[in-house]
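All remarks here apply to the structure that follows.
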Amino acid sequence: MATSLFERPKTLPPAILDWLPGQGEWSDAEYLWLSERTHRLVELTDGYIEELAVPTDKHQAIADFLFSLLKLFVGRAGKVRYAPLRLRVRPRKFREPDIMLLRDASDPRRGNEFWTGADLVVEVVSPDNPDRDLVEKRLDYAEGRIPEYWIVDPQAEAITVLRLEGDAYEEHGVFRRGEAATSALLPGFSVSVDETLDAD
């Protein structure tokens, strides 16, 4: 079982742990410092550090498949990146989406350390905490004004495509095996649900 960043007395002297901010006290700068120095995937919400599960081979296969298709679709005009690259939703809230896309490669939201926005994000649902991708990040990415959010759920064998309407997401579609998932934001972009879920 993985240990918490805050439960490592055998690997970090107590004096060093004393220097780290407590939960609820982390700033953007402290989070960026930590995320550049740990092998763990971490996100930040209002001063709280959150550890992410290590992706499985299947998770990576699905993300890689979609990344390749999106990169081919936008070509040199846009940019597509994959985790771990940070997305700043707002001050004191950072996420690390599985995939982020900007239609314009020169978009000023594209930074070297982190992006401050995206046109489309993709998350592959992790079985350890499905609500994180299905519920929490749906609210997070809406707060960040991300126009389109794809949720790939291997357990439910579905791809849900959400489009931002006002301050919340509405379903563009829930696509299942035998169907092709389509984008509201990228006209002409579609992917086979079967090929996505069976990616290897």
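FYI, the numbering just counts along the sequence from 1. No experiment lies behind these values; they were computed from the predicted model shown.
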Would you find more than 12 non-hydrogen atoms of other residues, nucleotides or ligands less than 6.0 Å from Asp167 atom CG? no
Report yes or no: does Lys79 contribute a side-chain atom to a donor-acceptor pair with the main-chain N or O of Lys71 at less than 3.5 Å? no
inquiry  = Any side-chain to backbone donor/acceptor pair from Thr38 onto Ser35? Under 3.5 Å, distance only.
reply    = no
Looking only at heavy atoms, the pair that brings Phe175 and Ala180 closest together is CD2-O, 3.3 Å
The remaining residues in the hydrophobic cluster of Trp115, counting side-chain heavy-atom contacts under 4.5 Å among Ile, Leu, Val, Met, Phe, Trp and Tyr, are Leu85, Leu87, Met100, Leu102, Val121, Val125, Leu134, Val135, Tyr141, Ile146, Tyr149, Ile151, Leu162, Leu164, Tyr169
Leu52 meets the side-chain contact (heavy atoms from CB on, under 4.5 Å) criterion, sequence neighbours left out, with Leu41, Glu43, Arg132
request  = Verify the neighbour count for atom CZ of Arg37: are there more than 12 heavy atoms of other residues, nucleotides or ligands below 6.0 Å?
outcome  = yes
* To do: Please report the C-alpha distance between Glu96 and Arg86 in whole Å, then the side-chain angles of each, then the deciding distance to 0.1 Å, and finally whether the salt bridge (charged side-chain N to carboxylate O under 4.0 Å, His left out) criterion is met.
  => CA-CA 5 Å; Glu96 292 189 5; Arg86 297 160 295 215; 5.3 Å; no
Between Asp28 and Pro91, the two heavy atoms sitting closest are OD2-CA, 3.7 Å
Could you check Arg90 against Asp46 for salt bridge (charged side-chain N to carboxylate O under 4.0 Å, His left out), going step by step and ending with a plain yes or no?
CA-CA 10 Å; Arg90 62 162 166 78; Asp46 296 325; 2.9 Å; yes
Interatomic distance, CZ@Arg163 vs CH2@Trp150, rounded to 0.5 Å, equals 14.0 Å
For Leu70 and Val122 the tightest heavy-atom approach is CD1-CG2, 4.3 Å
**OP:** Check whether any side-chain heavy atom of Pro154 sits under 4.5 Å from a side-chain heavy atom of Ile62, and report yes or no.
**Re:** yes
Quiz prompt | Cluster check Val152, Phe73: I/L/V/M/F/W/Y, side chain < 4.5 angstrom | solution = yes
Here the side-chain hydrogen bond (donor to acceptor under 3.5 Å, both in side chains) pairs for residues 186-196, sequence neighbours left out, are Arg177-Asp194
- Message: Between Arg138 and Ala168 (side chain of the first, backbone of the second, donor and acceptor by atom type, cut-off under 3.5 Å), is there such a pair?
- Response: no
In terms of heavy-atom contacts, Arg176 and Ala156 come closest through NH1-O, 3.6 Å
Check your understanding: Would you find a donor on one side and an acceptor on the other, under 3.5 Å apart, between the side chain of Glu30 and the backbone of Ser27?
Key -> yes
**Message:** Hydrophobic clustering (ILVMFWY, side-chain heavy atoms < 4.5 Å, transitive) - are Tyr48 and Tyr31 grouped together?
**Reply:** no
Closest non-hydrogen atoms of Leu120 and Ser183, given as atom of the first, atom of the second and distance, are CD1-OG, 4.4 Å
Taken to the nearest 0.5 Å, the spacing of Leu186 CG from Leu101 CG works out to 6.0 Å
CD1 of Ile159 to CG of Leu197, rounded to nearest 0.5 Å, is 5.5 Å
Item checked: Phe189, CZ: over 12 other non-hydrogen atoms inside 6.0 angstrom -> yes
Rounded to the nearest 0.5 Å, the OH atom of Tyr82 sits from the CZ atom of Phe67 at a distance of 5.5 Å
Donor-acceptor under 3.5 Å (Glu113 side chain, Leu32 main chain) = no
Query raised in the report: Is the side chain of Glu148 donor-acceptor paired with the backbone N or O of Ala184 at a distance under 3.5 Å, no angle test?
Result: yes
CZ (Phe94) and CG (Asp140) are apart, to the nearest 0.5 Å, by 13.0 Å
Result for side-chain hydrogen bond (donor to acceptor under 3.5 Å, both in side chains) between Thr45 and one of Glu136, Arg92, Glu50, Lys93 points to Glu50
I'd like to check Arg110 versus Asp104 (side-chain heavy atoms, cut-off strictly below 4.5 Å). Are they in contact?
no
In short, Pro97 meets Glu123 closest at the heavy-atom pair CA-OE2, 3.2 Å
Note to self: Can a donor-acceptor pair be found, under 3.5 Å and without considering hydrogens, that links the side chain of Glu36 to the backbone of Trp33?
What the structure shows: no
Quick check against the 3.5 Å criterion: does Arg81 have a side-chain atom that pairs as donor or acceptor with the backbone of Ile99? no
Open item on the list: So does Ser126 get a backbone contact from the side chain of Asp133, meaning a donor-acceptor N/O pair under 3.5 Å?
Closed with: yes
- [ ] Flag the pair Arg109 and Asp119 as a salt bridge only when some basic side-chain nitrogen lies within less than 4.0 angstrom of an acidic carboxylate oxygen.
- [x] yes
### Message
Heavy-atom count check: over 12 atoms from other residues, nucleotides or ligands less than 6.0 Å from Asp131 CG?
### Response
yes
Exercise. Please walk me through it: do Asp200 and Lys58 pass salt bridge (charged side-chain N to carboxylate O under 4.0 Å, His left out)?
Worked result: CA-CA 7 Å; Asp200 189 2; Lys58 186 63 178 176; over 6 Å; no
side-chain hydrogen bond (donor to acceptor under 3.5 Å, both in side chains) for Glu171 and Thr160? Distances and angles first, verdict last.
CA-CA 7 Å; Glu171 288 183 358; Thr160 301; 5.6 Å; no
